[in-house]
Amino acid sequence: MDYQMAQHFVIPLVGFLLGAFLGSAWLLPLPVLYWTVFFLGLEEGQWGYGYQDGWMFALVLWSFVSVASVALGLLVRWLVRWRRRARLGAGPI
């Protein structure tokens with residue numbers, strides 16, 4: 001796997017970690033913004049070799065995967081906090 005393909009997996013991983021550690025729902029639109037800027041820069045020739053076949057599918061797919069990973073990170077944080085509060089007897093969140 002080359003470094004250009006690796007970045008496609010790093011962004012969802014970073015999104016998951018940000019969601020899990022920061023726990024803010026304001027993080028959900030950030031991956032969509034990132035991928036939009038990535039594809040705009042790709043078209044302008046800032047990096048890569050421009051659009052290729054299936055770029056719209058890739059934009060939607062990676063945006064969805066990235067937002068889902070942030071949401072999964074938020075869910076993990078919520079579950080950890082809920083379990084911790086339940087263990088301490090603080091009641092529901």
Side-chain angles (χ1 to χ4, degrees):
M1 178 181 333
D2 64 353
Y3 74 94
Q4 290 180 341
M5 189 62 182
Q7 77 177 0
H8 294 17
F9 296 103
V10 168
I11 298 303
L13 176 64
V14 169
F16 172 80
L17 293 174
L18 285 174
F21 288 109
L22 296 179
S24 175
W26 290 100
L27 294 170
L28 286 172
L30 284 181
V32 175
L33 178 66
Y34 170 81
W35 288 113
T36 302
V37 170
F38 174 78
F39 277 94
L40 287 173
L42 194 62
E43 174 62 21
E44 293 297 318
Q46 298 295 323
W47 46 80
Y49 303 105
Y51 293 151
Q52 296 181 8
D53 292 340
W55 71 269
M56 287 184 280
F57 174 72
L59 173 64
V60 171
L61 173 72
W62 286 112
S63 294
F64 176 78
V65 167
S66 298
V67 169
S69 68
V70 172
L72 184 63
L74 290 171
L75 178 65
V76 166
R77 181 179 174 96
W78 181 81
L79 287 173
V80 167
R81 290 181 72 202
W82 176 75
R83 188 172 175 104
R84 187 178 300 150
R85 289 180 67 114
R87 187 178 304 146
L88 295 174
I93 298 174

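The first residue in the sequence is number 1, and the count goes up from there.
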Sequence neighbours left out, what passes side-chain contact (heavy atoms from CB on, under 4.5 Å) with [X]? Give chain and number order.
X     : result
Arg83 : Arg87
Leu17 : Leu13, Phe21
Val65 : Pro12, Leu61, Trp62

**Report entry** Hphob cluster co-occupancy, Phe57 + Val60, side-chain heavy atoms under 4.5 angstrom
**Finding:** no
Report task. May I ask whether Phe64 and Leu33 are part of the same hydrophobic cluster, defined by side-chain heavy atoms of I, L, V, M, F, W, Y residues being less than 4.5 angstrom apart, directly or through others? Result -> no
Query raised in the report: How would you list all residue pairs meeting side-chain hydrogen bond (donor to acceptor under 3.5 Å, both in side chains) that involve residues 66-75, not counting sequence neighbours?
Result: Trp35-Ser66
**Report entry** Listed once per pair and sorted, the side-chain hydrogen bond (donor to acceptor under 3.5 Å, both in side chains) pairs that draw on residues 16-28, sequence neighbours left out
**Finding:** none
Report task. Of all the heavy-atom pairs spanning Val70 and Pro31, show the shortest one and how long it is. Result -> CG2-CG, 3.8 Å
**Report entry** Member of Leu22, Leu79, Leu28, Leu18 meeting the side chain to side chain contact (heavy atoms under 4.5 Å, CB included) criterion with Leu74
**Finding:** Leu28
Query raised in the report: Do the non-hydrogen side-chain atoms of Phe38 and Ile11 ever get within less than 4.5 Å of each other?
Result: no
